[in-house]
Amino acid sequence: MRLLLCALLLAATACTPVPPPPVTARMVLPDLPPMRRFAGPSVTPPRRANADMAEDFMDLSFRLESGRELAVFTRFEGPVRVRMIGAVPPSAPEDLRRLLSRLRNEAGIDIIQSADPDSEVSIEFLPLRTMQRMVPQAACFVAPRVGSSREYRRARRAMIDWYTLTSRERAVIFIPSDTAPQEVRDCLHEELAQALGPLNDLYRLPDSVFNDDNIHTVLTGFDILMLRAYYAPELRNGMTARDVAVRLPALLARLNPRGEAVRPRRPEITPRAYADAIETALGPGTSESRRRSAAVTAMNIARANGWKDARAGFTWLALGRLSLGYDAEVAEFAFRQAAAIYHSQPGLALHAAHADMQLAAFALSQGRANETIALADASIPAVSAAENAALLAHFLMVKAEALDMLGRSGEARQVRLDSLGWARYGFASDTEVWGRLMNIAALSPVQRARHP
């Protein structure tokens with residue numbers, strides 16, 4: 001289940017006391033450029049030790065997010081057909097086509113798109129409000145043994161419990177029909193991967209969509225390796241954890257020979273208390289003060305465990321996000337701490353970009369145009385490789401404002417136009433696109449001087 005967490009992107013107005021101009025659905029907005037899409041994935045093979053990834057595989061495959069342990073290994077046997085039903089968003093068919101192509105070519109799974117009502121996997125698009133009547137805190141989710149929302153509502157609880165499976169034969173994925181194209185794509189990647197393979201999420205994973213931090217949102221090299229292992233001939237339905245653990249070292253050595261030469265790091269298992277604190281801090285329906293308190297709890301857990309990895313950075317990132325609009329100095333300090341942790345570790349360039357986006361916004365609001373541009377230029381390659389259009393649009397928007405501050409209006413105009421094309425994919429509506437652009441413009445001292 002992909003949780004409906006608060007976005008860790010820019011809360012632009014919190015960096016400055018000047019309120020941005022309001023955007024309403026009644027405004028007459030100029031035409032936007034066409035939606036931009038990424039040409040294709042830039043996938044980096046996993047760089048961690050096979051011994052560490054074997055432990056990851058076991059924790060992903062034999063434990064649910066609730067902590068319950070699964071008795072046996074399960075997967076689909078034979079070809080997997082995937083159908084889309086409901087109010088399918090215009091962007092979804094192409095994103096599903098690309099995803100299925102990756103699953104076939106990179107993960108070796110026999111999977112195709114189909115219109116057959118008996119398809120093994122159904123993807124149903126529903127209004128967010130309708131979907132959350134089924135699972136209130138879900139941005140999207142997957143359930144076994146059923147093929148539609150009607151069947152899901154009628155099913156007994158035990159029937160849609162992954163714990164009761166001994167094999168996988170049917171599953172349904174629910175995705176909002178009224179959300180951003182990027183969010184639809186992200187849900188397709190995470191939920192279809194979980195319908196096919198791992199059912200758990202682990203905060204210790206720095207390179208995976210199977211992590212509730214939502215930093216990675218399209219399948220990574222690690223995720224593809226896990227799925228290749230899931231559908232390898234060495235494994236089959238009904239195996240116990242011991243059966244799988246015995247076969248896994250040789251299996252990973254065959255699939256990922258480079259991982260044999262990497263020294264294991266054996267990261268500590270994340271305590272349930274940390275996951276609970278992060279969910280409270282970033283989940284819906286909680287007061288701001290309680291969110292900040294939960295973020296501090298998560299940070300204390302990270303410190304007590306001596307973490308210096310992505311989890312430690314994420315606690316600072318969360319605290320910074322929750323401090324925007326409450327204490328700008330605390331927020332900026334927290335983002336600098338997150339950035340320092342992420343930049344100090346290999347393989348965390350995308351994580352660092354999330355922190356650096358916030359620092360770029362602070363730099364812009366304080367008139368430091370060259371620093372803003374430098375942060376944007378350093379982060380854009382990693383953001384583009386990860387296919388995060390929303391984050392890319394934000395970086396381009398702040399860069400455009402910084403270029404304007406330096407009197408480079410021609411460059412600013414082109415960068416701003418580019419940002420709008422990516423924003424149309426990253427955000428839910430054209431009104432939201434313009435709202436984001438105007439919010440970021442309100443950070444610039446130049447814009448504030450023009451519109452006191």
Side-chain angles (χ1 to χ4, degrees), residues 7-10 12 23 29-44 84 88-102 125 139-140 175-190 209 214-220 349-350 353-354 356-357 360-361 364 372-373 375-404 408-441:
L8 286 173
L9 288 174
L10 180 67
V23 176
L29 300 175
D31 290 336
L32 288 167
M35 179 186 294
R36 297 286 301 274
R37 300 182 77 116
F38 295 98
S42 177
V43 181
T44 301
M84 292 193 295
V88 180
S91 63
E94 174 61 14
D95 281 331
L96 179 62
R97 184 195 67 77
R98 293 185 181 195
L99 174 57
L100 295 182
S101 177
R102 289 194 63 194
F125 292 92
C140 43
I175 299 177
S177 57
D178 49 357
T179 191
Q182 178 168 304
E183 182 66 21
V184 171
R185 181 209 61 191
D186 295 351
C187 284
L188 286 171
H189 276 247
E190 183 170 345
V209 302
N214 290 348
I215 297 292
H216 286 281
T217 56
V218 299
L219 294 179
T220 66
L350 179 60
H354 280 267
D356 285 345
M357 176 61 234
L364 178 65
T372 302
I373 293 169
L375 286 166
D377 286 345
S379 299
I380 283 172
V383 174
S384 298
E387 301 188 42
N388 191 326
L391 186 54
L392 177 57
H394 275 129
F395 271 117
L396 293 171
M397 288 175 184
V398 295
K399 181 178 178 178
E401 293 301 327
L403 288 168
D404 263 338
R408 295 157 63 180
S409 58
E411 291 176 71
R413 190 178 307 110
Q414 184 56 51
V415 170
R416 189 174 291 111
L417 185 65
D418 198 22
S419 78
L420 294 174
W422 292 114
R424 294 196 73 187
Y425 186 79
F427 305 124
S429 68
D430 290 354
T431 300
E432 183 180 357
V433 170
W434 284 113
R436 299 278 180 153
L437 185 68
M438 296 171 74
N439 286 346
I440 287 178

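Each residue takes its place number in the sequence, starting with 1.
In this structure the side chain of Thr217 never reaches within 4.5 angstrom of the side chain of Val209, judged on heavy atoms. Using a 4.5 Å heavy-atom cutoff, the side chains of Phe38 and Val218 are not in contact. Counting heavy atoms from C-beta on, the side chains of Pro176 and Cys140 come closer than 4.5 Å. Residues Asp95 and Val184 have side chains not in contact (no heavy-atom distance under 4.5 Å, counting atoms from C-beta outward). Residues Leu364 and Ile440 are in side-chain contact: their nearest non-hydrogen atoms beyond the backbone lie under 4.5 Å apart. Proximity of Thr220 to Val43: side-chain heavy atoms (C-beta onward) are nowhere separated by under 4.5 Å.
Shortest non-hydrogen contact noted between Pro93 and Val88 is CD-CG1, 4.0 Å. Taking all atoms of both residues into account, the shortest heavy-atom contact from Glu183 to Ala139 is OE2-CB, 3.8 Å. For the residue pair Leu417 and Pro33, the shortest heavy atom distance occurs at O-CG, 3.7 Å. In terms of heavy atoms, Ser419 sits closest to Met397 at OG-CG, 3.5 Å. The nearest pair of heavy atoms linking Val433 to Ala423 is CG2-O, 3.5 Å. Residue Leu420 comes nearest to Trp434 through the heavy atom pair CD1-CH2, 4.1 Å, listed as atom of the first residue, atom of the second, then distance.
With sequence neighbours excluded, the residues satisfying side-chain contact (heavy atoms from CB on, under 4.5 Å) with Ala382 are Ala349. Scored by the side chain to side chain donor-acceptor pair (under 3.5 Å) test, Ser409 finds no partners at all (sequence neighbours excluded). In this structure, the side-chain contact (heavy atoms from CB on, under 4.5 Å) partners of Ala428, at least two apart in sequence or on a different chain, are Ala180, Glu432. Shown here are the side-chain contact (heavy atoms from CB on, under 4.5 Å) partners of Arg36, two or more places apart in sequence or in another chain: Asp418, Trp422.
In this structure, the separation between CZ on Arg98 and CG on Leu96 is 12.0 Å, given to the nearest 0.5 Å. One finds the CD1 atom of Ile175 at 10.5 Å from the OG atom of Ser177 (value rounded to the nearest 0.5 Å). With values rounded to the nearest 0.5 angstrom, Thr179 atom OG1 is found 12.0 Å from Arg185 atom CZ. A distance of 8.0 Å separates CG of Asp430 from CE of Met35, quoted to the nearest 0.5 Å. Atom-to-atom distance recorded for Leu350:CG and Asn388:CG is 6.5 Å, nearest 0.5 angstrom. Atoms CG and NE2, from Leu391 and His354 in turn, are 5.0 Å apart once rounded to the nearest 0.5 Å.
Counting only residues at least two apart or on different chains, the salt bridge (Lys or Arg N to Asp or Glu O under 4.0 Å) pairs with a member in residues 389-400 are Asp377-Lys399. Residue pairs meeting the side-chain hydrogen bond (donor to acceptor under 3.5 Å, both in side chains) criterion with at least one partner in residues 378-387, sequence neighbours excluded, do not occur; the list is empty.
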Step by step, would you call Asp404 with Arg416 a side-chain contact (heavy atoms from CB on, under 4.5 Å)?
CA-CA 10 Å; Asp404 263 338; Arg416 189 174 291 111; 2.8 Å; yes
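Geometrically, Arg37 does not engage Tyr425 in a cation-pi contact, judged by NZ or CZ lying under 6.0 Å from the ring centre and within 45° of the ring axis.
Judged by distance alone, with hydrogens and angles left aside, the side-chain atoms of His189 form a donor-acceptor pair with the main-chain N or O of Leu219 at under 3.5 Å.
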